[in-house]
Amino acid sequence: MPQESITSAARQDGRYPRPQLLRAAWADLSGPWRFSFDPDDRGVAEGWAKDPAAITSEVIVPFPPESPASGIGDTRYHRVLWYRRTVTAAEVAEAGHGEGRTLLLQFGAVDYRAEVWIDGERVGTHEGGHTPFTVAVPDDAAQGFDLVVRAEDDPLDLAQPRGKQDWEESRHVVWYDRTSGIWQPVWLESVPVRHVRALTWRTDPESASIRLDVELDGQPTPGTRISVRIARDDETVATQVSLIAEPRGSFLLSLPVLGNGQARDTWLWSPEHPLLLDAVVELQPPQGEPDRIGSYIGIRSVGTGGGRVLLNDRPVAVRAVLSQGYWPQSHLAAPDADALRAEAQLIKDLGFTSVRVHQKIEDPRFLYWADRLGLLVWAEMPSTYEFSGTSVERLVREWTAVVRRDASHPSIVVWVPLNESWGVDRIAQAPRERELARTLYHLTKALDDTRLVVSNDGWEHTRSDLFTVHDYENDAAVLRARYGTSEALRETLGGIAPNGRRMLIGSPEERTETAARPVLLSEFGGVSVDDATDESWGYRIVDSEDALDMHLSTLFAAIEDCHLLAGWCYTQLTDTGQETNGLVDENRVPKIPLHRLRQMICGEDRLPASAPVFHA
């Protein structure tokens with residue numbers, strides 16, 4: 001990556017795997033690796049980590065071995081997977097490594113549990129299939145080394161956060177083929193001995209301030225400073241240099257332009273005006289090399305009021321689509337960085353203002369394009385499918401890591417730790433399960449109080465900032481009857497959900513509080529065109545694309561007539577496996593002309609002049 005990208009992170013090309021913490025040089029380790037399944041789990045006992053001949057097949061990383069793109073395409077049960085790769089001296093040099101520096105091995109995500117060996121020595125472990133981790137390369141391996149990864153992903157472990165990955169051997173109903181092992185980028189980067197491990201931006205337009213939280217890899221030398229520069233279109237708008245005496249520090253920067261009357265709005269991030277400010281953060285020890293980081297910031301606030309979702313204290317249209325981020329050739333892994341950009345652009349081109357990323361923690365590079373294009377995101381934790389002490393521990397730990405990873409993205413406006421009572425199936429009867437929903441709500445607020453939280457999307461709410469309901473009724477008249485008047489809305493939401501579950505299950509105080517929140521139909525539609533196969537599945541089947549056009553037009557018109565709704569989310573963006581209810585097929589081709597879909601979704605047949613468009 002060229003050096004100048006550090007000062008223009010808001011305009012990067014979207015390929016760096018961690019877009020809000022850029023360094024000047026890195027080496028992508030994607031491509032062919034050696035690979036073997038380990039059906040009898042013999043590899044550790046037999047010393048596969050030290051035996052170059054033990055891992056014999058080939059896989060294309062970062063594609064999961066279940067996917068065709070991996071070169072394997074085996075969707076059967078496989079609990080243990082082994083990877084091997086030789087990292088060359090040229091790749092180490094490409095990562096910017098040199099004397100007196102530390103070489104880091106970065107993993108975007110390995111599902112579900114990972115162990116890492118370098119030159120036969122075990123150097124790191126990680127648990128959590130959707131979150132990143134880092135391994136320091138030993139100094140004596142810095143000129144090139146043998147890298148081995150063992151991944152364990154038990155397909156029958158229902159206490160493991162898995163989302164829509166099937167626990168049956170063949171995909172069924174709304175669950176699809178598994179994504180095991182390495183499924184996000186692996187890369188090398190070189191850093192000074194003392195360096196920045198993580199950073200988080202929090203913005204407050206009302207106080208005209210930006211807060212930076214920094215985490216270092218260890219105790220800084222006395223006299224170490226943090227330098228911060230924030231710029232808009234290469235013009236510096238704020239700078240600060242402060243001492244940092246502990247491994248963690250918080251720094252408050254004033255941005256006076258935010259208090260400047262009418263000009264204030266021109267500094268705020270929104271779907272219509274997705275302004276990103278460049279930031280350069282530099283860790284400066286008294287002696288030795290500084291650690292220089294490129295990042296970016298979007299200034300905005302999120303809240304509710306008057307029965308609406310508010311962005312920058314003004315109502316925002318929530319026209320959302322449910323996206324599972326799944327491709328037929330690569331599964332949960334994106335085919336490449338450009339596919340993530342194209343996905344965000346497609347959603348904008350269709351006329352949606354928002355996307356609900358369903359049962360997946362999305363690649364940060366997609367979030368970058370959501371930030372840059374002005375696409376509001378609902379971030380949702382992949383579910384477990386049992387309630388136990390183990391599932392609670394895993395869910396809380398991984399969700400915490402997710403919120404910490406993504407808290408700086410201005411596009412994320414809603415956190416969703418639970419969906420449709422998955423993993424808490426007896427939440428209405430079991431006090432412990434209700435306490436988990438409450439805990440996840442309050443934990444999320446403790447980690448990040450700048451966004452809205454929906455504790456259990458769809459029904460059986462305890463405390464939530466939005467009152468969301470899933471309703472796949474496909475009769476437009478019935479939808480109007482349920483959501484079209486205040487009396488009907490109270491009756492619909494005050495009792496039993498369309499699937500037979502209660503809408504509110506919390507304490508009297510929680511029920512009163514949640515019932516007063518903005519109401520959103522956060523799943524509806526799910527219409528599929530009959531393709532004459534047994535696998536085709538949808539909540540409503542129509543017999544032709546013309547019939548699809550007619551049916552969708554009546555559904556969207558009915559929802560638009562329900563003015564008391566604060567927003568909605570259509571299911572879904574793309575066909576996904578046997579779920580053929582996408583507005584576009586699995587290859588992202590619209591089933592009816594895009595301009596016609598846009599007319600139905602937002603009542604316009606052209607892109608607003610202010611909407612940013614990036615075409616490959």
Side-chain angles (χ1 to χ4, degrees), residues 1-28 94-96 104 106 108 132 134 184-185 187-192 195-203 210-216 226-241 251 253 255 257 267-270 273-284 290-300 334 337-338 340-341 344-345 362-375 377 404-412 612 614:
M1 176 170 290
Q3 182 73 32
E4 59 266 21
S5 66
I6 293 299
T7 59
S8 57
R11 291 158 285 172
Q12 61 190 278
D13 64 9
R15 298 183 184 279
Y16 188 72
R18 192 185 50 212
Q20 284 188 299
L21 203 165
L22 285 79
R23 290 195 170 93
W26 61 291
D28 187 359
E94 183 184 357
L104 300 180
Q106 307 279 12
T134 302
Q184 285 194 21
W187 74 101
L188 278 179
E189 62 185 6
S190 180
V191 296
H195 55 271
V196 174
R197 178 178 289 165
L199 54 79
T200 304
W201 301 101
R202 301 185 189 279
T203 65
I210 298 172
R211 193 181 91 194
L212 169 64
D213 295 331
V214 175
E215 180 182 341
L216 309 183
I226 286 280
S227 167
V228 184
R229 173 183 177 268
I230 298 173
R232 177 176 180 174
D233 298 327
D234 300 321
E235 180 181 347
T236 299
V237 297
T239 61
Q240 183 170 301
V241 180
F251 307 93
L253 290 88
L255 202 61
V257 291
W267 289 85
L268 300 182
W269 184 96
S270 69
H273 183 243
L275 174 68
L276 300 177
L277 303 178
D278 287 302
V280 175
V281 178
E282 193 168 289
L283 180 68
Q284 301 171 337
D291 186 22
R292 200 160 184 252
I293 302 296
S295 190
Y296 65 83
I297 307 162
I299 301 171
R300 58 99 184 96
D338 289 338
L340 294 166
R341 170 180 172 167
Q345 185 68 63
E362 191 52 279
D363 190 310
R365 297 170 297 176
F366 175 86
L367 297 178
Y368 164 69
W369 285 111
D371 295 338
R372 184 165 170 182
L373 293 171
L375 180 63
V377 175
R404 294 189 66 193
R405 189 197 79 170
D406 292 340
S408 296
H409 287 283
S411 57
I412 295 180
F614 296 85

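With sequence neighbours excluded, the residues forming a salt bridge (Lys or Arg N to Asp or Glu O under 4.0 Å) with D338 are R15, listed by chain and number. Taking R18 as the reference, Y16, L21, R23, Q106, W187, E189 meet the side-chain contact (heavy atoms from CB on, under 4.5 Å) condition, with sequence neighbours excluded. Take R11 and apply the salt bridge (Lys or Arg N to Asp or Glu O under 4.0 Å) test, not counting sequence neighbours, and it matches D234, D278. In terms of the ring-ring contact (aromatic ring centres under 6.0 Å, His included) criterion, residue partners of Y296 (sequence neighbours excluded) are, by chain and number, Y368. E282 meets the salt bridge (Lys or Arg N to Asp or Glu O under 4.0 Å) test with R292; sequence neighbours excluded. In this structure, R300 has no salt bridge (Lys or Arg N to Asp or Glu O under 4.0 Å) partners at least two apart in sequence or on a different chain.
The heavy-atom pair separating P185 from R365 by the smallest distance is CG-NH2, 3.6 Å. Nearest heavy atom pair, residue P132 against residue R405, reads CD-CD, 3.6 Å. Of all the heavy atoms in R372 and A10, the pair that sits closest is CD-O, 3.9 Å. Of all the heavy atoms in W369 and D13, the pair that sits closest is CZ2-O, 3.8 Å.
Within 6.0 Å of CZ in R202 there are more than 12 heavy atoms belonging to other residues, nucleotides or ligands.
When side chains are defined from C-beta on, W201 counts as touching L212, because their heavy atoms get closer than 4.5 Å. In this structure, L104 and H195 have side chains that are in contact, with non-hydrogen atoms separated by less than 4.5 Å. In this structure, the side chains of V196 and L216 come closer than 4.5 Å at one or more pairs of heavy atoms. With a 4.5 Å cut-off on side-chain heavy atoms, I299 and L255 count as touching. A 4.5 Å side-chain heavy-atom check between W269 and T203 finds every atom pair outside the cut-off.
Although no hydrogens or angles enter the test, the distance criterion places no donor-acceptor pair under 3.5 Å between the side chain of Q240 and the main chain of F251.
Atom CG in D406 sits 10.0 Å away from atom CD in E362 (nearest 0.5 Å). A distance of 11.5 Å separates CG of L277 from OG1 of T236, quoted to the nearest 0.5 Å.
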